[in-house]
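These numbers come from a predicted model, not from an experiment. First listed ligand is number 1; within each ligand, the first listed atom is number 1.
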Amino acid sequence: MSTLPDAFTTNSSPEGIEGLPATSGSDSWQRDLSQAIRSSLELLARLNLTPNTESIGRTLSEIESDFPVLVPESYLQRIRPNDPLDPLLLQVLASSQELVQVSGFQADAVQDLAARRAPGVLQKYQGRALLMAAGACAIHCRYCFRREYPYGAEPKRVDDWKPALDLLREDSSIHEVILSGGDPLMLNDDRLAWLCEQLDQIPHLDRLRIHSRMPIVLPSRITPALISLLRGLRMQPMMIVHANHASEIVDDCLAALRLLVRSGIPTMNQAVLLRGINDTTAALSSLSTVLVNNGVIPYYLHQLDRVSGTSHFEVSEETGRRLIRELGAQLPGYAVPRYVREIPGAPGKTLLDSESRREAEIP
Ligand SMILES: *Cc1c(COP(=O)(O)O)cnc(C)c1O
Ligand code: SF4
């Protein structure tokens, strides 16, 4: 945790694409975000938990100055009070284990920087380019694979996007743009509309995919205005959300997912396999069930990327394969996510779901 990602410094207003008018502050999601919890001690106090001695000492403040705690109220409402092992709490509470150095865990584990084709553009796979549309997120997941990404160097002002847009315009082999980050829905509607409209004018772009955790963690972001923006595009929109546990998908989150799905926007989920959080057949089965019951297709279950400070979340691939096998025996095929890992240099995510496939695909 040597570098400090600019995007993760706590500021209450969404950033990205400066130079366009900010939406009036009446958007309730922006107010919800400005009221989010920003420290472990506050988080523990709200859940009626007592900090252990480490938390009171310097360790946590040191960790949190590198990668602050950030938890919106809506998400907090879904965490059980009095339970230090709550699977939602464990995703967001800073831990002294983040300081443990484990060999094999490094800053840019998935080699994002080697795939950077222009400011704000990563391309690893054929036909698909990923844009770092915003540097900030609405929640800070302690296991984040981009927790050390240098967002400060990515486009912020309208003019900064010119090289990225030129590249996409000139490369007709790209048919899909993925808005990622950070969280692309941290852009307000005006800024998001501007970026989408620029992309919509590039004729060979057929699909616009949004990778966002905001429908799960800050559901007030999913507004009728956002839906009409996406539905108004020439490109086919798709939404990939990120939930790891069935307890995340209740109340306002459930309503946001239903709004997306019933609006006709294909919606899928990606989860990360996380120790102590969703590493049981029962947890993964409940997650898949609540997703498909609401029309969301479980897309990927990711093996943890080995980023520094996240080793305590790792589950072995052997366990992962067993869990997926057991899921396959309980659920319809469409409810079983593809269990994958990202291997730098591979032409796509590498399937881990059976031993033979694994041996065939790992170089
Ligand atoms: C994961 C990823 C994608 C998307 O891969 P799909 O298999 O199409 O979902 C695209 N670009 C980058 C850089 C990625 O890491
Ligand atoms: S929302 Fe995604 S990018 Fe943001 S902290 Fe969580 S895992 Fe990382």
Going by distance alone, is a donor N or O of one side chain under 3.5 Å from an acceptor N or O of the other, for Glu248 and Tyr75?
yes
So which heavy atom in the protein is nearest atom 7 (O) of ligand 1, and how far is it from that ligand atom?
Tyr300 OH, 2.5 Å
Which of the atoms in ligand 1, numbered in the order shown and given with their element, are less than 4.0 Å from a heavy-atom of Tyr299?
6 (P), 7 (O), 8 (O), 9 (O)
Contacting atoms of ligand 2, where contact means under 4.0 angstrom from a heavy atom of His242
7 (S)
Side-chain contact, heavy-atom cut-off 4.5 Å: Met238 with Ile210?
no
At less than 2.8 Å, would any N/O/S atom of Cys137, backbone or side chain, sit next to atom 8 (Fe) of ligand 2?
no
Side chains of Arg78 and Ser74: donor-acceptor distance under 3.5 Å anywhere?
yes
Sub-4.0 Å heavy-atom approach of Asp183 to ligand 2
no
Check whether any heavy atom of Arg146 sits under 4.0 Å from an atom of ligand 2.
no
Selected option - heavy-atom contact closest to atom 1 (S) of ligand 2, from Gln270, Gln91, Arg213, Met214:
Arg213
Go through ligand 1 atom by atom and flag the ones less than 4.0 Å from a non-hydrogen atom of Ile178.
3 (C), 4 (C), 10 (C)
Closest protein heavy atom to atom 2 (C) of ligand 1, given as residue, atom name and distance to 0.1 Å:
Lys349 NZ, 2.6 Å
Under 3.5 Å, is there a donor on one side chain and an acceptor on the other for Glu342 and Thr350?
no
Using a 4.0 Å cutoff against the non-hydrogen atoms of Ile139, which atoms of ligand 2 qualify?
5 (S)
In terms of residue, atom name and distance, what is the protein heavy atom nearest to atom 12 (C) of ligand 1?
Leu130 CD1, 3.6 Å
Can you see whether Tyr143 engages Glu314 through a side-chain donor-acceptor pair at a distance of less than 3.5 angstrom?
no
Examine the side chains of Glu197 and Gln201 and answer whether a donor and an acceptor come within less than 3.5 Å of each other.
no
Applying a strict 4.0 Å limit to heavy atoms, is Gln123 in contact with ligand 1?
no
So, Arg321 and Glu317, do they make that salt bridge, N to O below 4.0 Å?
yes
When you measure from atom 8 (O) of ligand 1 to each heavy atom in Glu342, Arg128, Arg146, His302, which option holds the nearest one?
Arg128
Which of the atoms in ligand 1, numbered in the order shown and given with their element, are less than 4.0 Å from a heavy-atom of Tyr125?
1 (C), 2 (C), 3 (C), 5 (O), 10 (C), 11 (N), 14 (C)
Result of checking Arg117, Lys124, Arg147 against Asp112 for salt bridge (charged side-chain N to carboxylate O under 4.0 Å, His left out):
Lys124
